[in-house]
Protein chains: 2
Amino acid sequence: MDNNQLFQKFVAFSAAVHQITNDITKDVKSEALTPLQYKILEYIAVSQPVTLSEVSDCMQMSMPNTSREVKKLSEKGVCTRITDPDDRRKQGIKLSAAGEALMNEAFQQIAVRFEQRIAGITAAERKEIEQALDLLQHKVFY
Amino acid sequence: MDNNQLFQKFVAFSAAVHQITNDITKDVKSEALTPLQYKILEYIAVSQPVTLSEVSDCMQMSMPNTSREVKKLSEKGVCTRITDPDDRRKQGIKLSAAGEALMNEAFQQIAVRFEQRIAGITAAERKEIEQALDLLQHKVFY
DNA sequence: CCCTTTAGTTGTCATTTGATAACAAAAACA
DNA sequence: TGTTTTTGTTATCAAATGACAACTAAAGGG
């Protein structure tokens, strides 16, 4: 069954991606943040501004726990919350300047490790990789 | 800088893979297992037989904690440990019959969701996806 | 205007996970 | 043979995370 073969590849591939990204982002998170807090901050970084509910949905955690963790993040000065003037129940969560600095540093480290990983690759291969990333993102991981 | 663009894609892609696989495997884990225990069991399933040290390395957890969690898994009857006759310090960890059954069921559920996700794709597209998975796994996530 | 829904907060408790010290036994090595 | 290294265990403690109840305030709908 061809279907099954593709699924096998998918499973192996997902496992590999998890493994490698864990490896690459290992020890990147600031000492001041717990792993969960780092993940939340990473999510905020790429999706800002976000609401608490969006964080809650995407991170698959309950509102009370999300509220607590985001509160800690803003207490640590890495994100800010401003009430949405159109709907004063909602709040827009963004990185603060300190948060931007922190995440820039983190991404920098990750970038270095990523480049080490793909060092010595030809321009043609690079192109192929780029296309493969695009393809999969559109057709499978959308 | 082209380098940076590729890195951006890599980050976005990794995030998407995490998100989608979390979504797909959500609620799949047996009620009897904690998330960590499920991940360990998944690792054992695809790499068996493994030693404790291998689990410890791959899951990036300390030996004491690994020992504890694997002990719980065998107490729950989902894996077995047999002492390596060639080196009696080591032990080969495998899924038990119950563990196999549990993981089969889990993979079944994941497979269903995966197929829903790629439903309505042409044979040519399927081929492309397969090739992209292979390419990335060999050149980036190895 | 009342009622319901949505968005978020606070507090509390249980469970999970991480960290560390102290240990045992087999293997490797000198 | 004695020492060191590898592999794993047990116990204990602290921190992180998850679950839930009770609450506030704003918005929406009749």
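Because the structure is a prediction, the values reported are computed rather than measured. Computation of the quantities below employed the complete heavy-atom set of this structure, encompassing side-chain atoms and omitting hydrogens, waters and symmetry-equivalent molecules. Residue numbers start from 1 in every chain, and the chains themselves are labelled A, B, ... in the order their sequence lines are given, proteins ahead of strands.
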(message) Does A:R117 qualify as a cation-pi partner of B:Y142, given the criterion of NZ or CZ under 6.0 Å from the six-membered ring centre and within 45 degrees of its axis?
(response) yes

Out of [options], which nucleotide sits closest to the side chain of [X]?
X	options	answer
A:P35	C:dA19, C:dT6, D:dA16	D:dA16
B:N65	C:dT16, C:dG18, C:dT6	C:dG18
A:R68	D:dG8, D:dA19, D:dA26	D:dA19
A:L36	D:dG18, C:dA25, C:dA7	D:dG18
B:E69	C:dT9, C:dA21, C:dT17	C:dT17
B:T34	C:dT17, C:dA7, D:dT10	C:dT17
A:P64	D:dC20, C:dT17, C:dG8	D:dC20

Expressed as a whole number of angstroms, how long is the span from [X]:[atom1] to [N]:[atom2]?
X	N	atom1	atom2	result
B:M61	D:dG8	CE	C1'	14 Å
A:L41	D:dA16	CG	C1'	17 Å
B:Q91	C:dA25	CD	P	15 Å
B:M63	C:dC23	CE	P	18 Å
B:L73	C:dT17	CG	P	11 Å
A:D84	D:dA26	CG	P	14 Å
A:Q37	D:dA15	CD	P	14 Å
A:R88	C:dT9	CZ	P	15 Å

(message) Before you tell me yes or no, could you show the steps for A:K76 and A:Q37 under side chain to side chain donor-acceptor pair (under 3.5 Å), namely the whole-Å CA-CA distance, both residues' side-chain angles and the distance that decides it to 0.1 Å?
(response) CA-CA 11 Å; A:K76 289 176 181 185; A:Q37 284 166 9; 3.0 Å; yes

(request) Describe the nucleic acid contact of A:S56 in one word from base, sugar-phosphate, nothing, applying a heavy-atom distance below 4.0 Å. (result) nothing

(request) Have a look at B:D87 and say if it touches a base, only the backbone sugar-phosphate, or nothing, with a 4.0 Å heavy-atom cut-off. (result) sugar-phosphate

(request) Find which nucleotide of DNA chain D each of A:R89 and B:K71 is nearest to by heavy atoms, and output the residue with the more 5' nucleotide. (result) B:K71

(request) For A:P85 and for A:L33, find the nucleotide of DNA chain D with the closest heavy atom, then tell me which residue's nucleotide is more 5'. (result) A:L33

(request) Would you please confirm or rule out a distance under 4.0 Å between OP1 or OP2 of D:dT9 and any side-chain N or O of B:R81? (result) yes

(request) Describe, in one word, how the ring planes of A:F13 and B:F141 are oriented to each other, choosing from parallel (under 30°), tilted (30 to 60°) and perpendicular (over 60°). (result) perpendicular

(request) Could you check whether the rings of A:F7 and B:F114 sit parallel, tilted or perpendicular, using 30° and 60° as the cut-offs? (result) tilted

(request) Could you tell me whether A:K72 and A:E69 make a salt bridge, using a distance below 4.0 angstrom between a side-chain N and a carboxylate O? (result) yes

